[in-house]
Number of protein chains: 2
Amino acid sequence: MKVTGDQALVKKINKSLILHTIRKHPELSRARISEMTGLNKATVSNLVAELLEEQLVLEAGPGESSGGRKPLILHFNAMAGCVVGMELRVKHLTAVLCNLNGAVLYETELPLDQHDFPSVLENMKTMLTGLIAMAPTTHYGVVGIGVGVPGMVDEDGVVLFAPNLSWEKVHLRELLEESFSIPVIIDNEANSGALGELNFGRGEDVRHLLYVSAGSGIGSGIIIGGELYKGSRGYAGETGHMCIEAEGTPCSCGSRGCWELYASEKAYDLAAMELPAYHTPELIRLAADGNAAARQQFEVMGSYLGIGLTNLINGFNPELIVIGGALSDARKWLEGPMQQVVAERTLPYHKQQLEIAFSTLGSRATMIGAGFSAAMHFLGHTRVMV
Amino acid sequence: MKVTGDQALVKKINKSLILHTIRKHPELSRARISEMTGLNKATVSNLVAELLEEQLVLEAGPGESSGGRKPLILHFNAMAGCVVGMELRVKHLTAVLCNLNGAVLYETELPLDQHDFPSVLENMKTMLTGLIAMAPTTHYGVVGIGVGVPGMVDEDGVVLFAPNLSWEKVHLRELLEESFSIPVIIDNEANSGALGELNFGRGEDVRHLLYVSAGSGIGSGIIIGGELYKGSRGYAGETGHMCIEAEGTPCSCGSRGCWELYASEKAYDLAAMELPAYHTPELIRLAADGNAAARQQFEVMGSYLGIGLTNLINGFNPELIVIGGALSDARKWLEGPMQQVVAERTLPYHKQQLEIAFSTLGSRATMIGAGFSAAMHFLGHTRVMV
DNA sequence: CCACTTTGTATATTGGTTAAACTAAGTTTT
DNA sequence: AAAACTTAGTTTAACCAATATACAAAGTGG
C-alpha cells in the first residue's frame, strides 16, 4: 500500500527533520533550527520538547548572546542508546560497539578458522553477547545490530550467495533477531562501507558516492542522492565481475576478463612475473622496502583499477569515489597509475566535479557503516520528494 | 531549504496519489480508490471533487454493480491539455503532439541539413509553433514541451556537450521558454527513451529499468525506483564509453576499447571484413535478403552488446532492459548472440528476475518520453519516502 | 534605567483527515 | 413485490498539527 498523508505523517516528517538537523549540526538553538528548517518557532519548540522527553536530545545550557536573550543550546544525545556494527570477513570477525552517532566505544576481533554457517553463527553470537554485555547503561540500551557480509544480501536479510564463505541462502537476520530480540540489519560489505565513508569518512555533504572495496575481490557500494542504492532485488554493485577484457581470462563466475581478476588480490595468481609474496600485507612491506616486482605489481593493478573506475564514472557520474578494502593500504603505489588512467580515459565533463580518494576509515569503514545503518533504522528517517 | 510538513503538503501528497492512481488504472470508482490508497472515503470524495473541477478527472457514468449501488466510474481526463514531445537527432527533428497520457495526436518530422545551433533553434521554433497551432482546444492548452537531445544535459536544461552536433553549453531550455512561455524540459535522448518505455512500452510495474539506445553511439537511461537517475550533475548513463577491451581501439573520447566502438554503428568502421553497406537500414535490408556478411556483422555486434549489458546488469541489477535506437530494428540477428552472451556471463542471481527486451516504441520512445516528462511536470508528483 | 533584541512559550485560528452516521441506489431472499 | 442486505458516495462533528500573533523571559547597550 502506498504512503498517504495525514497529520501523523506531517509530525513524523518534521520531527525527523529536526532530529537529524540537530544530529548533523551540534550547538543549535531552537531559534536557529526554526530558521534553518523553515518551521515555525512554536512547532520547533513542541517537537523539541518531545525529543527531550524521549531523551534523544539534551539541553546543554545557554550559548552566546548576539544582542538579546541567550539561546539554549541543544545537543543530539548520542548516548541515548548503543548499536553494534559487525563485519564478517573470510578470516576474521570484527565488531564495534558505537553510540548513536557512530563513535566507537569498544572494538573486538575474533579469528575465524571455519566458515560453515553454524560455527560462524556461534562465533557471531558469542561476540555479540560480549559486546552487548559491555554496553553502558543508557536509556534505550542496545537498539540495533548491523552486519556487513561479503556477499549478496536481499531485502529480507538473507545472504543469498557468499562465494568466499560457500554460503547460500542463509537467513542471517532472522536467526540473529530471534537470538537477541533486537532489530538486525544485514548488508553487503561494500554497501556498509559506503555508508561508513558517507557519514564518517570523506563523504560529508556528498550526494552521489561510490565506494569501491578492493580486497580478495572487488565490490562497490553505490550512494545515490544520499541513499544506498541496492538494485531491484537488493544486490546491485557486483562490479567486480564487470568485463574489461572481452576475451580475457576465464573467471569462476562463468564470464571472462572480469575486473577483479586484474585489480584485486586475485591478480596475484595471474601475475606476469614471479611475485615475491602472495599476500597483500607482505607485498606492501616488500614494496616499501624497495622491491621492484612488488611495486610493479601494484602499479599494474592500479592501472586496471583505473580502467574499471572509468566505467563506473561514466555510468554513475559520482561526485566522490572512495577506495577501501585491504588493497587501499597499497595506496602509495596504486594511486599514481590509477589517477593517470582515469585522467586519460574519463570524459571531460565527468572530471569536473569528481574526486577520487582513499578510505580514511580504512578497514573499519564496513563495521562502522553497519552500525550506522542500525542507528538510522532506530532513529527513523521520513521525508518528502517533490 | 528542506521540505517541511504541513497540511498543504498532506493535501498535495494525497491529491497527487489519487490523480496518478486514476491515471494508471482506468475504470475506478471513488470506493475502489479509497481501498487501493488507504485513504478515507470522504477524503477521496473531496479531492476527486477538486480534480473534477480542475477538469483533470471526468465522471463517465455508472459501472457494474456487485450487489449494491452502482459505482460512478472516473477517468483521467487526458485531454485536459496537450504537450509536445520532441527528439533532436543528427539528421532529423521529430516531434509529436500528445495528450496528457502520452497518446499521440499529431506527428511531424523535419530533415536537418545544418547543425549549428541558430539554425537548429529556428527549425525547432518553426516546428513547435506549427504543432502548438494544431493543438485542439483544451481546458489548459499546451502545458509543456519536452525535448530529448543527443548529449549531456544539466539540471538547468543546458546542453553541456553534444559531440554529434558540435554543441557546447547551449542554453536550450531558457531560449525555448522565452519564446513560448511554456515550461520546457530538456533531457538526454536515452533518459527520455527510458521514460517512454517505462510508461508506454514494456516497463509497466517495473521499478528498475535500463534503457539502452544503440544507434550512432550508445547511451543509457537509468530508471531507479521508478525514477530517472541522472547522476551528480545530471548526466549519468554515458555507458557508451565503458571500456570492454582494456587495450582496444582508441576512441575519440580519449579512452580505448569503448563499448560503442564495437556495438553501435561505429562498429561498421572497424568491421573485420568488407561490408556490403555502411548504413543500418540498408544493412538490415541486405541481412533480410540473406546477405551473409551483413548478418555476421550484426551477430558480432550482438555479442558485444551482450558483453556491455552484462556489465550494466552486474552494476545496476535491473528488472528489465530495453534495447532501443536505430539498431533495435536489427533485432532478428542481434538478439540471439546477445542473449547467449548474457546467459553465459551473468551471475546466476542476477538472471532470476531479469528480462531483456527490444523496444516496442521503436524510434518513437524518445519523443514520447520527452512529452511524458512535460506532462508529469504539469501534473506534479509529490510523495513520501520512509 | 530605559530602549531595543533575541529566545522561547502560550493562545486562538486554520485547514486538512477521519470515524461514524447517513442517504442513495442497487441486488438477493422470502 | 416487499423485506433484507450490499455497496457507493456524502454529510457531520471531532481531532490534531502547524501557524500567526501576542507575549513573557532574558539578555545588550547607551
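The analysis underlying the following values was restricted to heavy atoms, covering all of them including side chains, and did not include hydrogens, waters or symmetry mates. So that the names make sense, note that chain A is the first sequence line, chain B the second, and so on, each numbered from 1.
- Contact annotation: A:Arg30 does not reach the phosphate of C:dT6 (side-chain N/O to OP1 or OP2, under 4.0 Å).
- A salt bridge links B:Glu355 to B:Arg202: one of the charged nitrogens lies within less than 4.0 Å of a carboxylate oxygen.
- Shown for residues 62-76 of chain A: residues whose heavy atoms fall under 4.0 angstrom of DNA chain C, namely A:Ser66, A:Gly67, A:Gly68, A:Arg69, A:Lys70, A:Pro71, A:Leu72.
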Between protein and nucleic acid, restricted to nucleotides 14-18 of chain D and to nitrogen or oxygen atoms under 3.5 Å apart, what atom pairs and distances do you find?
{"unit_1": "D:dC16", "atom_1": "O4'", "unit_2": "A:Gln7", "atom_2": "NE2", "d": "3.4"}
{"unit_1": "D:dC16", "atom_1": "O2", "unit_2": "A:Gln7", "atom_2": "OE1", "d": "3.1"}
{"unit_1": "D:dC16", "atom_1": "O2", "unit_2": "A:Gln7", "atom_2": "NE2", "d": "2.3"}
{"unit_1": "D:dA17", "atom_1": "O4'", "unit_2": "A:Gln7", "atom_2": "OE1", "d": "2.9"}
{"unit_1": "D:dA18", "atom_1": "OP1", "unit_2": "A:Asn14", "atom_2": "ND2", "d": "2.8"}

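- Of the candidates B:Val44, B:Thr21, B:Val57, B:Leu58, B:Val57 is the only one forming a side chain to side chain contact (heavy atoms under 4.5 Å, CB included) with B:Leu74.
- Using a 4.0 Å cut-off between charged side-chain N and carboxylate O, A:Lys15 and A:Glu50 make a salt bridge.
- Following rounding to the nearest Å, B:Glu35 (CD) and D:dA8 (P) show an atom-to-atom distance of 7 Å.
- In this structure, the side chain of A:His208 does not engage the main chain of A:Glu319 through any donor-acceptor pair within 3.5 Å.
- When the P atom of C:dG16 is taken as reference, atom CG of B:Leu17 falls 17 Å away, rounded to whole Å.
- Here the closest heavy-atom approach between residue B:Pro183 and residue B:Val143 is recorded as CD-O, 3.7 Å.
- Counting any heavy atom pair closer than 4.0 Å across all strands shown, A:Ala42 reaches a base atom.
- For residues 59-73 of chain B, every residue pair satisfying the side chain to side chain donor-acceptor pair (under 3.5 Å) rule, not counting sequence neighbours, is listed here: B:Arg30-B:Glu59.
- We find that B:Glu178 and B:Arg173 are not joined by a salt bridge, their nearest charged nitrogen and carboxylate oxygen being 4.0 Å or further apart.
- Ion pairing between A:Glu227 and A:Arg207 fails under the 4.0 Å rule for side-chain N and carboxylate O.
- What separates NZ of B:Lys41 from C1' of D:dT12 is a distance of 14 Å, to the nearest Å.
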